[in-house]
Peer 1: 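Sending over a structure as structure tokens; questions will come in a sec.
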Amino acid sequence: MKISVVVPMYNEEGIVQRFFERIEDTRKIFAERFAVERGDFEIIFVNDGSRDGTLEMLKKICRENIGYILLNLSRNHGHQTAITAGIDAAQGAAVAVIDGDLQDPPEFIADMYGKMLEGYDVVYAVRKKREGETFFKLFTAKLFYRTLKKLTNVAIPVDTGDFRIMSRRVVNVFCSLRERHRFIRGMVSWVGFPQTGLEYERHERFAGTTKYTLSRMLKFAADGITSFSAVPLKSASYMGIFTALGGFLYALYIIYLRLFTNIPIQGWSSIIVVVLILGGVQLLALGMIGEYLGRVHDETKFRPLYIAENFYDSEHPNGFIPTEYYYRNKL
Ligand code: UDP
Ligand code: MG
């Protein structure tokens with residue numbers, strides 16, 4: 001197998017058919033440009049617990065066309081985990097990841113593959129322009145990627161999603177990273193090897209709406225930061241040093257007032273201010289510890305990353321039957 005394309009799908013019934021057509025076109029481009037035959041190009045759909053007609057449509061595609069695999073997860077596991085499940089199942093020498101909503105043009109995989117052949121292990125797609133997204137999303141995304149860059153030593157590229165292509169050796173290392181709170185774009189950067197970006201225009205969704213609500217976005221951002229930086233944890237020490245220093249200077253000032261002036265020392269309001277500020281800072285620091293501790297807790301449970309209910313392979317020798325598929329935790 002030369003190429004695998006992993007596509008997470010969650011309630012995308014309005015898009016599946018169009019996606020299929022576009023990825024078939026991409027297959028043709030690969031045949032023409034790189035002489036990659038149909039049998040060397042697999043598409044792995046991951047149905048992430050869709051509650052609409054997505055699963056049936058994906059099954060139909062897999063039944064009627066060769067070169068398709070469908071991994072049906074037992075429930076909604078989230079975008080990052082769905083991608084991971086697909087990458088685990090991929091067999092290609094190069095593995096591409098693309099969103100199923102056609103915001104990322106499938107044909108661009110061929111361009112990224114071409115770049116990869118120049119000697120790169122990872123080619124990620126950099127968003128030059130993003131169409132049809134709210135000002136709020138664009139602004140928060142920009143802010144987030146830049147903050148993360150300041151907080152971590154791992155060179156995570158800015159304005160880059162999970163749309164990318166990776167070599168087998170990168171995928172093998174990636175598959176050995178079994179952390180629960182996954183920030184895939186960062187994990188791939190962490191692996192290293194020659195990586196480069198290629199600019200593209202991100203389009204509007206073909207149909208449907210984004211699955212990333214504000215709360216999911218916040219969780220995703222917190223996963224990114226906690227996975228790649230301990231700076232927030234350390235910041236408690238800095239805040240402590242500054243408040244202690246402030247308190248010490250203030251004490252000197254009080255002693256000075258008492259010894260060298262006749263100004264009476266007044267207390268009540270300054271005490272309240274100090275108590276409130278200190279209380280707030282302490283709770284904030286506790287909350288940050290909680291963010292990390294909760295994630296440590298999740299890791300110690302050692303649960304598998306996801307449960308796949310079944311697996312459909314269009315070329316299965318026994319015909320198109322669902323294979324019982326339970327992915328055991330790799331350790
Ligand atoms: N997705 C998924 N599981 C989820 C959420 C999203 O598999 O829990 C899929 C979704 O179907 C789409 C891709 O991940 O193919 C990206 O999701 P979305 O377009 O909602 O994210 P956005 O582009 O708005 O960041
Ligand atoms: Mg999208």
Side-chain angles (χ1 to χ4, degrees), residues 5-23 26 43-58 61 69-90 96-106 108-109 124-145 148 158-164 180-186 200-224 305-309 327:
V5 180
V6 171
V7 198
M9 289 279 190
Y10 176 49
N11 295 345
E12 304 286 16
E13 63 183 0
I15 295 168
V16 173
Q17 183 55 30
R18 184 72 194 120
F19 185 87
F20 166 69
E21 292 159 14
R22 293 272 300 269
I23 201 77
T26 308
I43 289 135
I44 301 172
F45 286 122
V46 183
N47 176 46
D48 189 17
S50 301
R51 282 183 292 267
D52 61 358
T54 304
L55 177 62
E56 286 313 314
M57 296 176 77
L58 293 176
I61 290 176
I69 280 172
L70 166 60
L71 194 57
N72 184 29
L73 300 188
S74 64
R75 63 172 170 81
N76 180 248
H77 280 75
H79 179 216
Q80 300 285 294
T81 310
I83 292 177
T84 306
I87 297 177
D88 283 339
V97 174
I98 184 170
D99 282 354
D101 58 2
L102 292 175
Q103 278 193 287
D104 305 328
F108 193 69
I109 299 175
Y124 48 81
V126 182
R127 299 159 178 173
K128 189 168 60 180
K129 217 172 100 189
R130 291 173 82 162
E131 285 171 10
E133 291 197 272
T134 59
F135 171 75
F136 179 72
K137 178 138 187 171
L138 295 183
F139 176 74
T140 47
K142 270 216 151 28
L143 187 71
F144 167 68
Y145 285 117
L148 183 63
V158 296
D159 304 329
T160 302
D162 295 314
F163 186 27
R164 57 187 60 219
R180 270 83 195 145
H181 294 270
R182 301 175 78 76
F183 188 67
I184 292 178
R185 51 205 75 168
Y200 79 116
E201 280 181 24
R202 192 163 158 93
H203 298 280
E204 265 178 78
R205 258 180 167 275
F206 181 70
T209 51
T210 174
K211 309 298 178 300
Y212 270 93
T213 54
L214 182 62
S215 68
R216 274 194 178 205
M217 261 162 67
L218 287 175
K219 188 188 160 295
F220 184 58
D223 280 346
L305 276 182
Y306 55 85
I307 312 286
E309 191 175 338
Y327 192 82

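One is the number of the first residue; the rest follow in order along the sequence. Just follow the structure's listing: the first ligand is 1, and inside any ligand the first atom is 1.
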Peer 1: For atom 9 (C) of ligand 1, what's the nearest protein heavy-atom neighbour? Residue, atom name and distance, please.
Peer 2: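 Here the nearest protein heavy atom works out to P8 O, 3.9 Å.
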Peer 1: Measuring from Y306:OH to L73:CG, what's the distance to the nearest 0.5 Å?
Peer 2: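 If we round to the nearest 0.5 Å, Y306:OH and L73:CG are 8.0 Å apart.
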Peer 1: Does K137 use its side chain to pair, donor to acceptor, with the backbone of F135 at less than 3.5 Å?
Peer 2: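 No; zero donor-acceptor contacts below 3.5 Å.
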Peer 1: Around atom 1 (N) of ligand 1, find the nearest protein heavy atom and jot down its residue, atom name and distance.
Peer 2: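 Scanning the protein heavy atoms, the shortest distance from atom 1 (N) of ligand 1 goes to Y10 CB, 3.7 Å.
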Peer 1: So which protein heavy atom does atom 25 (O) of ligand 1 come closest to, and at what separation?
Peer 2: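 Sorting protein heavy atoms by distance from atom 25 (O) of ligand 1 puts K137 NZ, 3.2 Å first.
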Peer 1: Is it possible for you to check whether R185 lies under 6.0 Å from the centre of the six-membered ring of F183, through NZ or CZ, and within 45° of that ring's axis?
Peer 2: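 Yes, a cation-pi geometry.
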Peer 1: For N/O/S atoms only: which one belongs to D101 and is nearest the Mg ion (ligand 2)?
Peer 2: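 Looking at D101, the N, O or S atom with the least distance to the Mg ion (ligand 2) is OD2.
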Peer 1: Check Q80 against ligand 1 and report side chain, backbone, both or neither, counting heavy atoms closer than 4.0 Å.
Peer 2: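 Contact part for Q80 vs ligand 1: neither.
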Peer 1: What protein heavy atom sits nearest atom 19 (O) of ligand 1, and how far away is it?
Peer 2: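 Among all protein heavy atoms, the one nearest atom 19 (O) of ligand 1 is D101 OD2, 2.5 Å.
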Peer 1: Atoms of ligand 1 less than 4.0 Å from G78 heavy atoms?
Peer 2: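 Heavy-atom distances to G78 below 4.0 Å select 3 (N), 4 (C), 8 (O).
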Peer 1: Hey, is the main chain of R182 close enough, under 3.5 Å, to the side chain of D223 for a donor-acceptor pair?
Peer 2: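 No, D223 side chain to R182 backbone: no donor-acceptor pair under 3.5 Å.
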Peer 1: About how many Å separate CG of D159 and NZ of K142, when rounded to the nearest 0.5 Å?
Peer 2: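 If we round to the nearest 0.5 Å, K142:NZ and D159:CG are 4.5 Å apart.
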Peer 1: Where is the nearest protein heavy atom to atom 21 (O) of ligand 1: which residue, which atom, and how far?
Peer 2: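 Nearest neighbour among protein heavy atoms for atom 21 (O) of ligand 1, to 0.1 Å: Y212 CD1, 3.3 Å.
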Peer 1: Would you check if the side chain of S74 reaches a backbone N or O of I307 as a donor-acceptor pair within less than 3.5 Å?
Peer 2: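 Looks like yes, one N/O pair under 3.5 Å.
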Peer 1: Considering only the protein, which heavy-atom contact is closest to atom 18 (P) of ligand 1, and what is its distance?
Peer 2: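 Its nearest protein heavy-atom neighbour is R205 NH2, 3.5 Å.
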Peer 1: For atom 14 (O) of ligand 1, what is the closest protein heavy atom, and at what distance to 0.1 Å?
Peer 2: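 Answer for atom 14 (O) of ligand 1: H79 CD2, 3.0 Å.
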Peer 1: Nearest heavy atom to atom 3 (N) of ligand 1: which of D48, V7, T81 does it belong to?
Peer 2: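 Looking at heavy atoms only, D48 sits closest to atom 3 (N) of ligand 1.
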Peer 1: Students should be able to answer this: which protein heavy-atom is nearest to atom 11 (O) of ligand 1, and at what distance?
Peer 2: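 For this ligand atom, the closest protein heavy atom is E12 OE2, 2.6 Å.
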Peer 1: Closest approach of A125 and T160, non-hydrogen atoms and distance?
Peer 2: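 Between these two residues, the closest heavy atoms are O-CG2, 3.5 Å.
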Peer 1: Polar-atom distance check: A82 versus ligand 1, any N or O pair below 3.5 Å?
Peer 2: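 No, since none of the N or O atoms of A82 sits under 3.5 Å from an N or O of ligand 1.
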Peer 1: Does A82 offer a backbone N or O that forms a donor-acceptor pair with the side chain of T84 under 3.5 Å?
Peer 2: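 No, the answer is negative, given that no donor and acceptor are paired below the 3.5 Å cut-off.
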Peer 1: Hey, which atoms in ligand 1 end up nearer than 4.0 Å to a heavy atom of M9?
Peer 2: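 Contacts of ligand 1 toward M9, numbered from 1: 7 (O), 11 (O).
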Peer 1: Any idea which of Q103, K211, M217 brings a heavy atom closest to atom 6 (C) of ligand 1?
Peer 2: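 Heavy atom nearest to atom 6 (C) of ligand 1 belongs to K211.
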Peer 1: Do the ring planes of F108 and F163 sit parallel (below 30°), tilted (30 to 60°) or perpendicular (above 60°)?
Peer 2: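 Correct class here is tilted.
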Peer 1: Once rounded to the nearest 0.5 Å, what's the spacing between atom CG of N11 and atom CG of D52?
Peer 2: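 Answer rounded to 0.5 Å: 4.5 Å.
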Peer 1: Would you please indicate yes or no on a ring centroid separation below 6.0 angstrom for Y212 and H79?
Peer 2: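 Yes, ring centres under 6.0 Å apart.
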Peer 1: For ligand 1, which atoms, with element, lie under 4.0 Å from some heavy atom of R216?
Peer 2: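 Checking each atom against R216, I get 4 (C), 5 (C), 8 (O).
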Peer 1: Hey, which atoms in ligand 1 end up nearer than 4.0 Å to a heavy atom of N76?
Peer 2: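 So the atoms of ligand 1 that pass are 3 (N), 4 (C), 8 (O).
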Peer 1: May I ask you to check if any N/O/S atom from Q103 comes under 2.8 Å of the Mg ion (ligand 2)?
Peer 2: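 Yes, within the cut-off.
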